[in-house]
Amino acid sequence: MSEKSLNLNLRVWRQKNADAPGKFVTYKLDNISPDSSFLEMLDLLNEQLIDSGEEPVAFDHDCREGICGSCSLTINGIPHGKGRMMTTCQLHMRSFENGETITIEPFRAQPFPVIRDLVVNREPFDKIMQAGGFIDQRIGSAQDANALPISKETADKAMDAAACIGCGACVAACPNASAMLFTGAKMSQLNLLPQGQPERYKRAINMVDAMDANGFGNCTNIGECEAACPKGISLDFIAMMNRDYAVAKVKRFFSGAA
Amino acid sequence: MTSLGKKYIMAVSGLILVGFVIGHMAGNLQMFLHPDWINAYAYKLQNLPYGLLWIVRLVLLAAVVAHIVTAMLLVIENRRARPQGYSVDKPIQATFASRTMRYSGVILLAFIVFHILHFTTQHVHPEFRDLYRPLEGVGTIHGAYDLLEATGKNHVHDVYSMVAIGFSAQYWYISLFYVIAMGLLFLHLSHGISSMFQSVGLRNHTWRIRLDRAALVIAIALFVGFASIPVAGLLGILPYQDMVQGVHHMHPPTTP
């Protein structure tokens, strides 16, 4: 705690509800420890606002250890702020300069409407998951896990895809608000493994259809999603989705289905 | 059409067009050889059997139309998906080329239209249609000389002089436009050539860097190859520059 505390100007997006117009409001916040996390800094801002009788700033948070995917925020134009592979709750104030003006905006995307201030509705991700982000399997009396050999490489790759916490930073970072990194990761984590094979191609079509139906944009392969992803999800999973979807469509065509 | 369906169309039509520009550049580089080379080549292309010339043209037209129409749909949908932008908006790592595909594409479309009016239909310089030259028997690889010599009518359209005059110093602004357009082609393809593999799912983290580098090499080669011709024309340094016929003392073809 020997480092000097920070005095900050916070330019925060305030919006009463989905229908109200929003605007930026600048607040001064002094004596912030560089050791505090970004969310702790916002907690202090809210205490200051409550003390002065103003409405606190609404923002999403839950675990505060980078695994739940609740926290969001676009900080100085970058989802979860400028640190690579970290969530907003893992971002610390030592990354900022004394006297700096920090612009804090919600994730911006048509499918993610603002609920209030910095909180957006990420329910379309649930819709994509409901369309195919699961396997159909009878429970009870499971077979021995070792009876189903999976190579280390494949298991690692599936785990890399499964690292997605569904925070929506990919959508927020994409200039087209595309959800292909999320959808690709959630599809590939199952399609890579034997347990995911029975519904592999049905899953590919249903999840892509759900993604499109929820109004996400189209990928232009520029890689901003991968760079913004707090879990470092690779563009490879978008390529896997593209391939599985193409194969699914060809299979469907030759099977005579619509 | 689904989002991925549109990506496949962009990739496949893009692949056709990249294949075309590579072949087109290779053909164009014959400008650095004896005039017979490009003149016989042009004669051969114009007289391909089975209407192949028009088949190729229609395939290319279909690819261009598909590429542009799909791109417009993508741009419209992408704007709709992000109605409100960020107040602070800076890319984390995306290349300039990848973020400006739509703009480089639109200018390239304008270039393609002008290029066709310039050298294919010759509406920009109708006097180019009167440029004829007899084949001298150099560069017989295309077989046109042997074919025509037997008939005694070996005058062909003098594409060599048309291109040399079209890029000469008096039309410096045209040469400049060509070089700028080829710079945009470089930008467009430095992203596009690798991107098409991603779009059809034929790319992973190992191949991404290889394809990115290959795209860069191909895009640079295309820029150097294409731009060398307007530059050489502008500076008047084509190896057979003294064989360029002036438009002002053209002879009407003896056998049109």
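Lettering follows sequence order; numbering is per chain, from 1.
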For the student: nearest non-hydrogen atoms of [X] and [Y], plus distance:
{"X": "B:H191", "Y": "A:N221", "value": "CE1-O, 3.1 Å"}
{"X": "B:V88", "Y": "A:R11", "value": "CG2-NH1, 4.5 Å"}
{"X": "B:A81", "Y": "A:P111", "value": "O-CD, 4.0 Å"}

Top contributor to chain B contacts, counting heavy-atom pairs under 4.5 Å, from [options]:
{"options": "A:G77, A:A228, A:P106, A:G215", "result": "A:G77"}
{"options": "A:M211, A:R243, A:E226, A:E105", "result": "A:E105"}
{"options": "A:V247, A:N242, A:D244", "result": "A:N242"}

Does any non-hydrogen side-chain atom of [Y] lie less than 4.5 Å from one of [X]?
{"X": "A:I222", "Y": "B:T95", "answer": "no"}
{"X": "B:R208", "Y": "A:S234", "answer": "yes"}
{"X": "B:I92", "Y": "A:R84", "answer": "yes"}
{"X": "B:L4", "Y": "A:K249", "answer": "no"}
{"X": "B:Y86", "Y": "A:T103", "answer": "no"}
{"X": "A:N176", "Y": "B:R82", "answer": "no"}

Hey, could you give me the [atom1]/[atom2] distance between [X] and [Y], rounded to the nearest 0.5 Å?
{"X": "B:S87", "Y": "A:I104", "atom1": "OG", "atom2": "CD1", "result": "11.5 Å"}
{"X": "A:D212", "Y": "B:S3", "atom1": "CG", "atom2": "OG", "result": "3.5 Å"}
{"X": "A:F216", "Y": "B:E77", "atom1": "CZ", "atom2": "CD", "result": "13.5 Å"}
{"X": "B:Q84", "Y": "A:Q110", "atom1": "CD", "atom2": "CD", "result": "10.5 Å"}
{"X": "B:D89", "Y": "A:T74", "atom1": "CG", "atom2": "OG1", "result": "10.0 Å"}

Measure distances from [X] to the heavy atoms of chain B and classify the residue's part below 4.5 Å as side chain, backbone, both or neither.
{"X": "A:F237", "result": "neither"}
{"X": "A:M241", "result": "both"}
{"X": "A:D209", "result": "side chain"}
{"X": "A:I78", "result": "side chain"}
{"X": "A:L235", "result": "both"}

Got more than 12 heavy atoms from elsewhere within 6.0 Å of [atom1], [X]?
{"X": "B:R210", "atom1": "CZ", "answer": "yes"}
{"X": "A:K16", "atom1": "NZ", "answer": "no"}
{"X": "B:F96", "atom1": "CZ", "answer": "no"}
{"X": "B:R102", "atom1": "CZ", "answer": "yes"}
{"X": "A:K28", "atom1": "NZ", "answer": "yes"}
{"X": "A:K157", "atom1": "NZ", "answer": "no"}

For this session: Apply side chain to side chain contact (heavy atoms under 4.5 Å, CB included) to the pair B:R99 and A:T220, showing each step before the final yes or no.
Result: CA-CA 9 Å; B:R99 289 181 289 115; A:T220 43; over 6 Å; no
Which donor-acceptor pairs under 3.5 Å do the side chains of residues 60-67 of chain B make with protein atoms, sequence neighbours left out?
| from | atom 1 | to | atom 2 | distance (Å) |
| --- | --- | --- | --- | --- |
| B:H67 | ND1 | B:M10 | O | 3.4 |
| B:H67 | ND1 | B:S13 | OG | 2.8 |

Problem set entry | Residues of residues 164-174 of chain A near chain B, each having a heavy atom less than 4.5 Å away |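 The list, in residue order, reads A:V171, A:A172, A:C174.
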For this session: Would you mind checking which part of B:Y8 comes under 4.5 Å of any heavy atom in chain A, side chain (CB onward), backbone (N, CA, C, O), both or neither?
Result: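 Contact with chain A is through the side chain of B:Y8 alone.
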Problem set entry | Derivation and outcome, salt bridge (Lys or Arg N to Asp or Glu O under 4.0 Å), residues A:E224 and B:K90 | CA-CA 10 Å; A:E224 289 291 276; B:K90 56 181 177 194; over 6 Å; no
Exercise. Looking at B:S194, B:A94, B:A97, which one has more heavy-atom pairs under 4.5 Å with chain A than the rest?
Worked result: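 Answer, by heavy-atom pair count under 4.5 Å with chain A: B:A94.
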Exercise. For chain A, which residues from residues 107-121 of chain B lie under 4.5 Å away (heavy-atom distances)?
Worked result: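 Interface residues of residues 107-121 of chain B: none, nothing closer than 4.5 Å to chain A.
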Exercise. Chain A contacts: which residues in residues 195-205 of chain B have a non-hydrogen atom closer than 4.5 Å to it?
Worked result: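 B:S195, B:Q198, B:S199, B:V200, B:G201, B:R203, B:N204, B:H205 fall under the 4.5 Å cut-off.
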Exercise. Any donor-acceptor pair under 3.5 Å linking the side chain of B:Q93 with the backbone of A:A227?
Worked result: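 Judged by distance alone, no pair lies under 3.5 Å.
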